[in-house]
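Right, one structure below, let's go through it.
Along the sequence shown, residues carry numbers from 1. Every value quoted in this text rests on a predicted model; they were computed, and no experiment measured them.
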Amino acid sequence: GTPLSFSEWESFFGEWEFATALSDADAYGVMGREGLSFSTRWGGPSATDSDSNQPHPNYTSFKLWTNYDGAHHGFGTLSISDQSSANPDQFVSYAALNSTRTTMTIMVLNKDPGNTANVTFNLNGFTASTYTAYTVGSTNPGAITTSSTQSWSNTQTFAPYSITLLVINGNQNQTPATEWYM
């Protein structure tokens with residue numbers, strides 16, 4: 001019953017390297033999935049560079065987890081099982097539900113710098129209706145690109161070297177067998 005925590009961690013390839021943004025986003029997902037009680041990142045991501053006033057990619061990827069829409073909405077609080085047969089060095093995803101089980105969030109990381117990821121989702125027990133995608137990509141790492149709200153499709157495509165948060169509206173038809181909160 002002893003909680004696990006990290007007093008310091010860092011995944012730093014350079015503030016302007018998109019690999020840092022991907023690595024940070026992956027670390028946040030792993031920490032949530034594994035139920036870390038708390039962690040402290042060595043030097044939080046800066047919103048902008050003091051010389052150029054440009055947004056840092058790792059800060060933008062952090063916003064996908066905490067404030068993706070500018071209205072303080074973030075990744076869900078109830079972690080749910082997210083399994084994939086993909087190589088985790090190339091592709092990974094993390095999933096959660098909100099407290100009312102009416103919104104599922106899936107954070108998708110396509111770590112492959114040269115290939116699009118074509119993914120088919122099975123949202124076992126969750127009936128999806130619509131979704132909005134929020135994406136940070138290596139081609140525009142300082143901004144979150146928002147899609148229009150559209151009908152849910154189980155088949156999605158993710159650009160190379162990108163981080164996408166899918167915010168899916170619907171309903172969880174059954175209570176999960178096990179619950180733990182992030």
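- Partner of Ile163 under the side-chain contact (heavy atoms from CB on, under 4.5 Å) criterion, chosen from Ser61, Pro57, Ser138: Ser61.
- By the salt bridge (charged side-chain N to carboxylate O under 4.0 Å, His left out) test, Lys63 is found to be paired with no residue, residues two or more places apart in sequence or in another chain being considered.
- Checking each of Val167, Thr135, Val136 against Tyr68 for a side-chain contact (heavy atoms from CB on, under 4.5 Å) leaves exactly one that passes, namely Val167.
- Here ring pair (Phe, Tyr, Trp, His ring centres under 6.0 Å) pairs that include residues 93-120, with residues two or more places apart or in two chains, number zero.
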Donor-acceptor pairs are to be reported for all side-chain atoms of residues 116-124 against protein atoms at under 3.5 Å, with residues two or more places apart or in another chain.
| residue | atom | partner | partner atom | Å |
| --- | --- | --- | --- | --- |
| Asn118 | OD1 | Thr157 | OG1 | 3.3 |
| Asn122 | OD1 | Asn124 | N | 3.3 |

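- For the pair Asn87 (side chain) and Phe91 (backbone), a donor-acceptor distance under 3.5 Å is absent.
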Self-check item: side chain to side chain contact (heavy atoms under 4.5 Å, CB included) assessment of Met104 paired with Ile80
Solution: CA-CA 9 Å; Met104 179 182 287; Ile80 57 176; 3.5 Å; yes
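- Under a 3.5 Å cut-off, the side chain of Thr66 and the backbone N or O of Phe62 do form a donor-acceptor pair.
- Residues forming a side chain to side chain contact (heavy atoms under 4.5 Å, CB included) with Asn115 (at least two apart in sequence, or on another chain): Asp112.
- Counting all heavy atoms, side chain and backbone alike, Ala19 lies closest to Tyr161 at CB-OH, 3.6 Å.
- The shortest heavy-atom contact between Phe75 and Met107 is CE1-N, 3.8 Å.
- In this structure a side-chain-to-backbone donor-acceptor pair under 3.5 Å is present from Ser129 to Asn169.
- The distance from the CG atom of Asp69 to the OH atom of Tyr134 is 5.0 Å, given to the nearest 0.5 Å.
- Contact detail for Ile144 and Thr60: the closest heavy-atom pair is CG1-CG2, 3.6 Å.
- Here the shortest heavy-atom pairing between Asn110 and Leu22 reads O-CD2, 4.3 Å.
- Asn98 contributes atom CG, which lies 4.0 Å from atom OG1 of Thr103 (distance to the nearest 0.5 angstrom).
- When all heavy atoms are compared, the tightest approach of Thr102 to Phe126 is O-CZ, 4.0 Å.
- Residues in residues 140-150 take part in these side chain to side chain donor-acceptor pair (under 3.5 Å) pairs, two or more places apart or across chains: Thr132-Thr149.
- A donor-acceptor pair under 3.5 Å is absent between the side-chain atoms of Asn171 and the main chain of Thr127, judged by distance alone.
- Using modelled atom types, one finds no donor on one side chain facing an acceptor on the other under 3.5 Å when comparing Thr20 with Asn58.
- Of all heavy-atom pairs spanning Gly74 and Thr105, the tightest one is O-CG2, 4.4 Å.
- For Asp26, the salt bridge (charged side-chain N to carboxylate O under 4.0 Å, His left out) test picks out Lys111, with sequence neighbours left out.
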